[in-house]
Amino acid sequence: MCLLALSLSGVCVTAVESRPAGVLVESPGHHRPFGARVKAFVALTKPRVIELLLMTTVPVMFLAAEGVPDMWLVLATCLGGYLSAGGAGAFNMYYDRDIDAMMDRTSQRPLVTGMVSPRECLVFAAALTVGSTVWFWFLVNPLSAMLSLGASLFYTVVYTMILKRRTAQNIVWGGIAGCLPVIIGWSAVKNEVSWASLILFLVIFFWTPPHYWPLSMKVKDDYERAGVPMLPVVAGNKAVARQIVLYSWVMVGVSLLLTPLGYTGWFYTVVAVACGGFWLKEAHALQARAKAGITGAKLKEMRLFHWSITYVSLLFTAVAIDPFLR
């Protein structure tokens with residue numbers, strides 16, 4: 001599904017008045033301009049997350065086609081993925097509206113400000129989920145439809161409703177939903193699942209925790225105030241940095257499996273080695289700063305977070321280009 005990516009983990013700012021964290025408006029009575037309402041509904045779909053998801057979906061379609069895939073199929077897959085991921089994002093905001101009101105980072109989300117009511121959000125989320133499944137089924141293929149629906153349900157039920165508020169492993173296992181777009185991209189072209197798509201699934205699986213944990217380190221006070229047990233909340237910076245390094249090494253190792261199995265050539269390998277090497281450098285640097293007891297701005301945890309987005313962008317761009325150079 002183009003559910004987490006050209007998985008590109010779009011910018012949307014909800015046009016509402018400033019409201020401090022901790023204030024939740026369940027029954028909005030204030031004026032809600034039409035333009036602001038439209039922006040609010042778009043914000044419910046979490047477009048920045050979808051951009052990252054499409055970033056992983058489309059290149060895999062080039063790899064599966066061993067060249068340029070049918071452009072109508074790419075468009076249909078991306079639109080279906082946006083609808084599916086958008087529905088899951090809206091369900092997430094509906095369920096999390098209580099803790100979103102407690103966190104500075106999420107205090108301007110549409111349900112917190114009252115720009116969208118809970119009932120409107122729920123209906124919107126359900127419509128997007130049903131619509132995306134039907135879209136995939138008839139315009140892509142049934143396998144992609146089922147994978148897309150599975151990703152949406154996994155994110156909504158397993159991550160949002162079960163894992164997020166109960167375990168520090170929430171982002172590890174909950175991240176599976178964001179890994180499925182690569183399989184959906186492959187299945188859209190081939191109508192099957194292959195080892196190549198499973199390897200790229202694992203790349204995103206091991207990428208997600210070290211991508212998200214640095215951000216969690218930055219805003220851990222938010223999560224602590226909301227009672228969400230993200231790893232940086234329940235463990236110290238040293239422990240989190242150690243886990244980041246561990247997952248990073250596994251991610252880079254898995255990314256290099258495509259070439260010996262014959263799915264990619266020299267170009268992808270060069271990009272994977274270079275980008276992976278720089279990632280490991282940043283991960284170990286973060287660990288060194290954490291071990292030294294550095295905190296605050298000098299910890300520079302967001303360096304790895306920002307690089308992680310660049311990494312996945314470059315790696316999957318190489319996935320798309322490589323078939324043309326073999």
Side-chain angles (χ1 to χ4, degrees), residues 1-9 49 51-66 151 171-187 189-190 193-215 241-287 303-326:
M1 163 182 27
C2 297
L3 194 133
L4 312 87
L6 161 83
S7 107
L8 295 174
S9 276
V49 174
E51 179 186 0
L52 191 60
L53 296 175
L54 297 180
M55 189 182 298
T56 60
T57 304
V58 175
V60 174
M61 298 181 74
F62 279 77
L63 181 64
E66 299 182 14
I171 201 65
V172 176
W173 301 106
I176 288 175
C179 305
L180 284 172
V182 298
I183 296 182
I184 293 167
W186 187 279
S187 70
V189 175
K190 294 287 194 179
V193 176
S194 73
W195 282 110
S197 62
L198 291 175
I199 289 170
L200 290 170
F201 172 97
L202 289 175
V203 170
I204 299 300
F205 178 80
F206 289 110
W207 169 86
T208 302
H211 157 70
Y212 198 79
W213 280 333
L215 175 62
R242 183 167 58 248
Q243 289 294 308
I244 287 174
V245 167
L246 175 62
Y247 275 89
S248 297
W249 273 99
V250 177
M251 176 200 71
V252 173
V254 171
S255 73
L256 297 175
L257 292 177
L258 285 174
T259 301
L261 291 177
Y263 291 107
T264 53
W266 68 269
F267 180 76
Y268 170 83
T269 304
V270 169
V271 173
V273 169
C275 292
F278 190 80
W279 177 298
L280 293 174
K281 173 180 174 294
E282 288 294 327
H284 279 281
L286 175 59
Q287 184 183 35
R303 281 175 58 97
L304 184 59
F305 173 77
H306 292 305
W307 168 248
S308 68
I309 298 173
T310 302
Y311 170 85
V312 81
S313 303
L314 293 175
L315 188 75
F316 277 83
T317 298
V319 167
I321 294 175
D322 190 83
F324 299 98
L325 301 178
R326 284 187 285 150

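With sequence neighbours left out, the side-chain contact (heavy atoms from CB on, under 4.5 Å) criterion links Leu215 to Arg105, Tyr212, Met302, Phe305. In this structure Arg326 satisfies the salt bridge (charged side-chain N to carboxylate O under 4.0 Å, His left out) test together with Asp322, sequence neighbours excluded. Listed by chain and residue number, nothing satisfies the ring pair (Phe, Tyr, Trp, His ring centres under 6.0 Å) test with Phe324 (two or more places apart in sequence, or in another chain). Annotation: side-chain contact (heavy atoms from CB on, under 4.5 Å) contacts of Val270 (sequence neighbours excluded): Trp266. Applying the ring pair (Phe, Tyr, Trp, His ring centres under 6.0 Å) test to Tyr263 and every residue at least two apart in sequence or in another chain returns nothing. Residues passing the ring pair (Phe, Tyr, Trp, His ring centres under 6.0 Å) test with Phe201, sequence neighbours excluded: none.
Counting heavy atoms from C-beta on, the side chains of Val254 and Phe205 never come closer than 4.5 Å. Proximity of Phe206 to Val252: side-chain heavy atoms (C-beta onward) are nowhere separated by under 4.5 Å. Within the 4.5 Å cutoff, no side-chain heavy atoms of Leu315 are placed close to those of Cys275. Between Ile199 and Leu261, the closest side-chain pair of non-hydrogen atoms falls below 4.5 Å. At least one side-chain heavy atom of Phe316 sits under 4.5 Å from a side-chain heavy atom of Ile204. Side-chain contact between Trp207 and Ser255 is absent, with no heavy-atom pair separated by less than 4.5 Å.
Listed by first and then second residue, the salt bridge (Lys or Arg N to Asp or Glu O under 4.0 Å) pairs that reach into residues 202-215 come to none, sequence neighbours excluded. The salt bridge (Lys or Arg N to Asp or Glu O under 4.0 Å) pairs that include a residue from residues 264-286 are Glu282-Arg303, where partners are two or more places apart or lie in different chains. Residue pairs satisfying the salt bridge (Lys or Arg N to Asp or Glu O under 4.0 Å) criterion with at least one member in residues 247-260, sequence neighbours excluded, are absent. Listed by first and then second residue, the side-chain hydrogen bond (donor to acceptor under 3.5 Å, both in side chains) pairs involving residues 304-319 are His211-Ser308 (not counting sequence neighbours).
A distance of 12.5 Å separates OG1 in Thr57 from CZ in Phe62, rounded to the nearest 0.5 Å. We find the CG-CG distance between Leu304 and Leu280 to be 10.0 Å, quoted to the nearest 0.5 Å. With rounding to the nearest 0.5 angstrom, the CG atom of Leu314 is 11.0 Å from the CZ atom of Phe278. The distance from the CG atom of Leu325 to the OH atom of Tyr268 is 14.5 Å, given to the nearest 0.5 Å.
Between Glu66 and Pro323, the shortest heavy-atom contact is C-CB, 3.8 Å. Taking both residues in full, the closest heavy atoms of Thr259 and Thr264 are given as OG1-OG1, 2.8 Å, listed atom of the first, atom of the second, then distance. Nearest heavy-atom pair, Val319 versus Pro59, reported as atom, atom and distance to 0.1 Å: CG1-O, 3.7 Å.
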Check against side chain to side chain contact (heavy atoms under 4.5 Å, CB included), Leu200 and Leu63:
CA-CA 11 Å; Leu200 290 170; Leu63 181 64; 4.1 Å; yes
Donor-acceptor contacts, no H, no angles, side chain residues 241-249, under 3.5 Å, sequence neighbours left out:
unit_1: Ser248; atom_1: OG; unit_2: Ile244; atom_2: O; d: 2.6
unit_1: Ser248; atom_1: OG; unit_2: Trp279; atom_2: NE1; d: 2.6
unit_1: Trp249; atom_1: NE1; unit_2: His284; atom_2: NE2; d: 2.9

Just distance, no hydrogens or angles: give the donor-acceptor pairs under 3.5 Å from side chains in residues 175-186, sequence neighbours left out.
unit_1: Trp186; atom_1: NE1; unit_2: Ser194; atom_2: OG; d: 3.3

